[in-house]
Student: 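Sending over a structure as structure tokens; questions will come in a sec.
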2 protein chains.
Amino acid sequence: MAIEHAILVSLLEQPGSGYELARRFDRSIGYFWTATHQQIYRVLKRMEADGWVDVREVAQQARPDKREHSVTEAGRAVLAAWLHEPIQPDSVRHELAVKIRGAAFDDPAALIHEVERHHRAHADRLTHYLAGELRDFTGPDAPARPDAGQELQHVVLRGGIAYERMTLAWLQDVLDTLHQLAER
Amino acid sequence: MAIEHAILVSLLEQPGSGYELARRFDRSIGYFWTATHQQIYRVLKRMEADGWVDVREVAQQARPDKREHSVTEAGRAVLAAWLHEPIQPDSVRHELAVKIRGAAFDDPAALIHEVERHHRAHADRLTHYLAGELRDFTGPDAPARPDAGQELQHVVLRGGIAYERMTLAWLQDVLDTLHQLAER
DNA sequence: TCCTTCTATGCAACTCGGTGCATAAACAAG
DNA sequence: CTTGTTTATGCACCGAGTTGCATAGAAGGA
């Protein structure tokens, strides 16, 4: 897949400018697909040229004008075609795992602080996810009868929460192992 | 980080040719860092030119010669320096999550087969991991007193197992959600 | 008034990684 | 004796993604 599809999904959920998309890729959909603003602008240009999105110039007060993008029928068709394609197995890049195996050839104890830092970062992210879940899906302000889009966003968020909880438990396992090795 | 460090770790665990490395990146270390053989050969050339690895021509019977690479002291130093650097938060690429959110704008039920396929693939991988754990770490042939390298490889493998179990549970959650939406 | 910050858009250069293709030694199968 | 398979190494090209830099409107603070 490409960034194009993530952008189509985000624009279908809510039309917006390149700048707004860039901010969404720092949160929300960005938890599952990252992109920089340069990449987003470049791809938006191409999508516009290919007729996947329409652009509307919007004047704003107290800030510069923006170019708001909406998905066209052609864009929806592209997304639908992609949704019906099977996904290739995702290529993994788990840097910390490589470091942990590499620590055998250095000082394993030196990794402890790094792993603790990761543990804190994932704990923060979990807190953030849980707050988002409470706000949008399980709290008093959440819709009583969520539509399909909300149900799907929620199940994706539950995946993020499960991932963070699993990661925290594993990092604790790593820490225990490193401490044991340090005692030898 | 770069592929260089994963190659250094793999060569420290066991010297080998580019071809052998490519096969390791299809299993073992490949579960946490992928690389194609073209990439490996190209990087090995550069690492050789930079003096990170030594090459020994090895004649073999019943097959072509190979170039066996070993890590030099300079290579170890490069790895050690990297081990002491903090890691950037890993950029996520979770294609299935994007597809699930995109399904709101198509037919959610059409995703069921795809998700089931992923469920089977992850179940296979879990089985594979568990077999490896039994063979190398917890079975009767496993070392009674594992060294630091083995302990660290084991904790990384436990991470893979935890990831697959979490993913399987989440994919079941996704399937339940898709079925509920299909009934509407 | 100048400086900084936030919003908003974009170019140029480069690196990384993947796809496709090519070569070659050794053996096995037909 | 040709074809196919496995081992083994490599080049050329292209697209995706990152880094660094540039521009500009509007607001607020020093």
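Numbered from 1 within each chain, the chains take letters A, B, ... in sequence-line order.
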Student: So which heavy atom on P143(B) is nearest to which on Q150(B), and how close?
Tutor: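 Smallest interatomic distance, heavy atoms only, reads CG-OE1, 3.7 Å.
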Student: In whole angstrom, give the distance that lies between atom CD of E20(A) and atom P of dT9(C).
Tutor: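 Taking CD of E20(A) and P of dT9(C), I get 8 Å after rounding.
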Student: If you define the side chain from C-beta out and look only at heavy atoms, does anything of R46(B) sit under 4.5 Å from W52(B)?
Tutor: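 SC-SC contact between R46(B) and W52(B) ruled out.
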Student: Tell me yes or no: between the side chains of T177(A) and R158(B), is some donor less than 3.5 Å from an acceptor?
Tutor: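 Side chains of T177(A) and R158(B): pair found under 3.5 Å.
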Student: T36(B) has a side chain; which of dT7(C), dT6(D), dT19(C) sits nearest to it?
Tutor: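 So the side chain of T36(B) is nearest to dT19(C).
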Student: Check the side chains of D176(A) and Q172(A) for a donor-acceptor pair under 3.5 angstrom, ignoring hydrogens and angles.
Tutor: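 Per modelled atom types, Q172(A) and D176(A) side chains form a pair under 3.5 Å.
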Student: Would you mind telling me which of dT19(C), dA8(D), dG17(D) lies closest to the side-chain atoms of Q39(A)?
Tutor: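 In terms of side-chain proximity for Q39(A), the closest of dT19(C), dA8(D), dG17(D) is dG17(D).
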Student: Starting from C1' on dC16(C), measure out to NE2 on H5(B) and report it in whole angstrom.
Tutor: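 Between C1' of dC16(C) and NE2 of H5(B): 14 Å.
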Student: Choosing from dA26(D), dT7(C), dT9(D), which nucleotide comes nearest the side chain of A62(A)?
Tutor: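 That would be dA26(D).
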Student: Among H119(B), R125(B), R120(B), find the residue that satisfies the side chain to side chain contact (heavy atoms under 4.5 Å, CB included) test when tested with L168(B).
Tutor: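 Single pass found, and it is H119(B).
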Student: Between Y41(A) and Q61(B), who's closer to the 5' end of DNA chain C by nearest nucleotide?
Tutor: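 Its nucleotide being nearer the 5' end, the pick is Y41(A).
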Student: Side chain of K66(A) only, please: which of dA8(C), dG17(C), dA8(D) is the nearest?
Tutor: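 The answer is dA8(C), which lies nearest to the side chain.
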Student: Check the distance between dG17(D)'s P and H37(A)'s NE2 and give it to me in whole angstrom.
Tutor: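 Computing the H37(A):NE2 to dG17(D):P distance gives 16 Å.
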Student: What is the distance, to the nearest angstrom, from the OH atom on Y19(A) to the P atom on dG25(D)?
Tutor: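 Interatomic distance, OH of Y19(A) to P of dG25(D): 17 Å.
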Student: Contacts to DNA chain D from residues 42-55 of chain A, heavy-atom cutoff under 4.0 Å, which residues?
Tutor: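 R42(A) - these, ordered by number, are the residues of the stretch whose heavy atoms sit under 4.0 Å from the strand.
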Student: Grab the CG-C1' distance between L21(B) and dG10(D) for me, whole Å please.
Tutor: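 Atom-to-atom, L21(B) to dG10(D), this comes out as 15 Å.
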Student: Please pick, from dT7(D), dA27(D), dG17(D), the nucleotide with the shortest atom-to-atom distance to any side-chain atom of I3(A).
Tutor: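 Selected nucleotide (nearest to the side chain): dG17(D).
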Student: Quick one: does Q38(B) reach the base of dG20(C) with a side-chain donor-acceptor pair under 3.5 Å?
Tutor: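 Yes.
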Student: Per the side chain to side chain contact (heavy atoms under 4.5 Å, CB included) rule, which among T34(B), V9(B), L21(B) passes with I29(B)?
Tutor: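 By the side chain to side chain contact (heavy atoms under 4.5 Å, CB included) criterion, I29(B) pairs with just one of T34(B), V9(B), L21(B): V9(B).
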Student: Using the rule that Ile, Leu, Val, Met, Phe, Trp and Tyr join whenever any side-chain heavy atoms are under 4.5 Å apart, tell me whether L178(B) and I87(A) fall into a single cluster.
Tutor: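 Per the 4.5 Å side-chain linkage, L178(B) and I87(A) are co-clustered.
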